[in-house]
Amino acid sequence: MNEQRAQAYVNLIEQLLTCADGEEPNILQANQELIDPEFLQVMEYYAVWLELQGNNNPAAWLRNMAQQLGQFLNPQGGTIEEYEEFLSEVLQAEAESNDPTVVYPILQRRQHLLDDTFAQLLQQFARYAFSEGKAEDVAVIARVIENLCLDISEFPLGSQSNNLEIAITGYHTLLEVLTREAFPEDWARTQNNLGAAYNNRIRGERVDNLELAIAAYNQSLEVTTREAFPYEWAKSQNNLGSAYSNRIRGERAENLELAIAALKLSLEVYTRDRFPYEWARTQDNLGTAYLSHNLDLGTAYLYRIRRERVDNLELAIAAYNLSLEVYTPTAFPINCLGTGRDLGHTANFIEDWETAIKGYNLAIEAVENTRLEALNPQRQQEILSDAMDVYHGIVQSYLKLNQKDRALEYVERSKTRYLVQLLTDRDIYPKGNISPTIITELDRLRRAIIGEEQQLAIQEQTRNRGGILTLDQQKQPILNDYTHLNHLKQELKQFIDREITKIDEDFILTQTVKPIPFQDILSLTDAETCLLQWYITSEKILAFVVSADGNINLWESSEDDRDKLTDLINNYLQLYYSQNGHQEWINQLSDLLQTFSDTLHINDILALIPNTCKRLIIIPYLFLHILPLHALPINDNQILQDKYDVQYAPSCQLFKITQQRQLNDLNSLFAIQNPQNNLLFTDLEVEIIKSLFVQSDILAKQNATEIAIKTHQNFPLANCIHFSCHGTFNPNKPLESALILTKEKTDQEDGYLRLGEIFELNFKNCRLVMLSACETGLIDLNSISDEYIGLPSGFLFAGSPSVVSSLWKVNDLSTAFLLIKFYETLPKNPKKGEIAVSLKNAQKWLQTLTLDQFEQELERFQLQLDKIINQLGGGKRPIFNESLKQIRQRQPYPFKNPYYWAGFIATGF
């Protein structure tokens, strides 16, 4: 499937989702050439993506449409022999193990065969086995088929719709032989399983499926009486309560009363002492797709109609509190997240802020426990993103209690968690007399593991953001992706056991990262330094201003301003990424920044900052990371950095970690110069800059290969590392961000220094990394958890306390002049905030540079320019001259537009 056809599939799906009712046949008729089996697979990927966004109804509609098209196409996943071989293999595994961990890899490998053909073959096999088998064998065969149907119904991969249909077909087939009279217990258990499958069914009408589920549960309860089968009876009552709570037919009030009655009956058996998990499950809705039949008593009370609203909410809170006595963050983290969230939201509704905080806090502890178990950083980010509402909830609850310090702590607790953990673990070394070679190997293995985790995160990001994988790729077991990672982890464990434990038996690779307390946040300020931390919820924009006296001033926007900011960002990005509109984006940049300033009410926020403040540490949030906040206009025809020295940090905790690093003098330079040999003024930039250092190593043009850089002995030892090259940033796949180098034909590397590879670097003496390339400061805007994912994060981890990067595609000439001035004014031993000050001064200089002053600068660099011009090919000289000509037409200040100077930001200490 090529990229163009994949995009055509997505376009057709979106057209079907947004068209008027009845237009679908016409759209499909007009796009017949796209209707093929691969289109059906893309529909399934898109449906999964919709579900991840919470759009369950469009996902269900899309799957139903795919089912109809599948019947039209009648695609067969394989030959009948392949189906028979698959069925035989999976039945044998089920019979021998009755263990999903054994069965699931088989299903995973053959998931493309889990369809209606497989269901029919399973039914044929069962009927034949029952007709040929002895009476005593029927129950055994039936139990194997029942277990297989259970495993398939809960199998998380492939088509969920197909999986449930296979299970339903299997249960109905079992009921043909497992009669109530001959096998009453098996019959009742199968009815209960059938009810669960109908309760979760995707095909057909939801209203009909729920009625079938209720009928099956009631059938089950005719045999599984409380006296004879108390546990099974309670389970069916719980399931029945779930179905009634979701029931569409009948009166809502009646259905909820029936749900509450069934759940209460279940709790008469599911006591906390005897069945703590089942008791807690019945007390609360687990809130996951695969356990949607476990509706809790608390939720039922929450929506109950026949009692007073306040009474119902208090009953719901009581049920949630009981459930949380069992659903602790460590024992049942996923359950605890759902219950804690429900408790927080319910208490929030009645303005019981303390109870809301209790629920949210337990949910957050559960999230953080779950996140640490994730296999790669992408999955960690997704877990945190799915729970951002509980962080928003606890922040708002603390603000309602006027505890702004606690609110700010939880703002921090939701940000940059992966990078904070990595940086905390980065410098953990064993105690005792450990040789340098052991430390070097320890560092290598740790960084190799992190690099591999990044590669796995890219794969998962591709899957979860609509990236199209071929059918063959989908058939590969996901677990195989982790083979190399697991091998590296095993190698590291063996290395520690062999070389380190005998010297330091207490050495561990990781440590628990405690959330940053307010006193540590406060320590980042002083008499002349304040902190400005942004936070954005679904309803408003918040700005916390922290000053050295411990005072926190808070600014809150209106909901209209929050919505307006979202629209502004969308317009900003649309202009920026438009092929025809990029020049328009440049032309409008000054006006866009003024509109952002007005929407964010910057002048109102500045009024909250003490007059003694001269330096501002800005902690952006979400899409504010991509804006040059230092260049926002303020009162008196100034911009923000005219009034303050501005530093950026992804989070307070990250900033504090970088503060603790050794700050080396800027004596040695390692520079990468114009690897693609197509940047006209990059050579001038590096030629001037290298003369400002005591020692310099330059890899220029064809010599700037990936291998040469990684293997150069001075690369990890330099005080300043300067990349003057092209950069690439993919907003849909930010983990694939890279610096573009030279690629030789015999080179095994691809010529891209990617983010995952940067995480494997280890800078020993670095004070500054300068990314003089396009879009090197952009980060993942899809990360609603505000995880700082971009090139700067890689270099911060690699060891640099400061990174200067760009927020857009920068101009070659203006960048050269800006950075030359930056280095000329940069102290040799930059202290606290002095890198940001030098950048600010260079930006102000370029912004106010007159045309006459520009000509003087050209004269100052005449020798270097003549050398560079003489080396240019014939085709490049006219471009060089045209660049100078265009600048001379922009009088009197050729670089006044923020596009030329505002794009670079200083991150870190």
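Counting begins at 1 with the first residue of the sequence.
A donor-acceptor pair under 3.5 Å is absent between the side-chain atoms of Thr224 and the main chain of Trp233, judged by distance alone. With hydrogens and angles disregarded, a donor-acceptor distance shorter than 3.5 Å links the side chain of Gln111 to the backbone of Gln108. Put simply, the side chain of Ser153 gets close to the backbone of Leu150: a donor and an acceptor are under 3.5 Å apart. Formation of a donor-acceptor pair under 3.5 Å by the Tyr217 side chain with backbone atoms of Ala196 is found in this model. The closest donor-acceptor contact from the side chain of Asn218 to the backbone of Ile214 lies under 3.5 Å. For the pair Asn147 (side chain) and Arg143 (backbone), a donor-acceptor distance under 3.5 Å is present. A distance-only check finds a donor-acceptor pair linking the side chain of Asn209 to the backbone of Arg203 [under 3.5 Å]. Here the side chain of Ser220 pairs no donor or acceptor atom with the backbone of Ala216 at under 3.5 angstrom. Side-chain N or O atoms of Asn335 include none that pairs as donor or acceptor with a backbone N or O of Tyr327 at under 3.5 Å.
When the shell of 6.0 Å around CD of Gln92 is examined, it contains 12 or fewer heavy atoms from other residues, nucleotides or ligands. Heavy-atom neighbours of Glu205 CD from other residues, nucleotides or ligands within 6.0 Å: at or below the threshold of 12.
In this structure the side chain of Ile357 never reaches within 4.5 angstrom of the side chain of Glu354, judged on heavy atoms. Residues Tyr320 and Thr355 fail the side-chain proximity criterion, which asks for heavy atoms closer than 4.5 Å. Residues Tyr198 and Asp208 are not in side-chain contact: their nearest non-hydrogen atoms beyond the backbone lie 4.5 Å or more apart. Here the side chains of Leu16 and Trp61 are in contact, with some heavy-atom distance below 4.5 Å. The closest side-chain heavy-atom distance from Asn193 to Cys149 is not below 4.5 Å. Looking at heavy atoms from C-beta onward, Leu240 lies in side-chain contact with Leu221 at the 4.5 angstrom threshold. Residues Thr173 and Leu122 fail the side-chain proximity criterion, which asks for heavy atoms closer than 4.5 Å. Side-chain contact check for Tyr398 versus Ile394: some heavy-atom pair is nearer than 4.5 Å.
Between the CG atom in Leu210 and the OG atom in Ser242 there is a gap of 8.5 Å [rounded to 0.5 Å]. Separation of atoms CD (Gln120) and CD1 (Ile166) is listed at 10.5 Å; rounding is to 0.5 Å. Distance check, rounded to the nearest 0.5 Å: CG of Asp186 to CG of Leu174 gives 9.0 Å. Within the model, atoms CG of Leu337 and CZ of Phe332 stand 15.0 Å from one another, a figure rounded to the nearest 0.5 Å. The CD atom of Glu222 sits 4.5 Å away from atom CZ of Arg180, with the distance rounded to the nearest 0.5 Å. A distance of 10.0 Å separates CG in Leu91 from CD1 in Ile141, rounded to the nearest 0.5 Å.
Between Glu176 and Arg127, at least one side-chain N (NZ, or NE/NH1/NH2) sits under 4.0 Å from a carboxylate O, which counts as a salt bridge. Under the 4.0 Å criterion applied to side-chain N and carboxylate O atoms, Lys400 and Asp352 are not assigned as salt-bridge partners. Comment: Lys235 does not engage Glu232 in a salt bridge, judged by the lack of any side-chain N to carboxylate O separation of less than 4.0 angstrom.
The two residues Val223 and Ala188 come nearest to each other via the heavy atoms CB-CB, 3.8 Å. Across all their heavy atoms, Trp187 and Leu178 have their closest contact at CD1-O, 3.1 Å. Minimum interatomic distance between Ile168 and Ala197 (heavy atoms only, all atoms of both residues): CG1-CB, 3.6 Å. For the residue pair Cys336 and Ala366, the shortest heavy atom distance occurs at CB-CB, 3.9 Å. The two atoms that bring Pro58 and Leu17 nearest to each other are O-CD2, 4.1 Å, heavy atoms only. Residues Ala347 and Ala356 share a closest heavy-atom pair of CB-N, 3.4 Å.
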Inset, instruction - Begin with the C-alpha distance, continue with both residues' side-chain angles, and end with the deciding distance and a verdict on side chain to side chain contact (heavy atoms under 4.5 Å, CB included) for Leu121 and Phe86. - result: CA-CA 11 Å; Leu121 193 63; Phe86 174 32; over 6 Å; no
* Residues Glu154, Tyr104; criterion side chain to side chain contact (heavy atoms under 4.5 Å, CB included); working and verdict -> CA-CA 10 Å; Glu154 296 177 357; Tyr104 275 11; 3.7 Å; yes
### Query
Given Tyr360 and Val395, is the side chain to side chain contact (heavy atoms under 4.5 Å, CB included) satisfied, shown in steps?
CA-CA 10 Å; Tyr360 291 137; Val395 168; over 6 Å; no
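Donor-acceptor pairing under 3.5 Å is recorded for the side chains of Asn192 and Asn239. A donor and an acceptor atom, one from each side chain of Asn361 and Glu365, are located under 3.5 Å apart.
Residue Glu211 is tested with Arg206, Arg247, Arg201 for a salt bridge (Lys or Arg N to Asp or Glu O under 4.0 Å); the sole match is Arg247.
You'll find the ring centres of Phe118 and Tyr83 outside the 6.0 Å limit.
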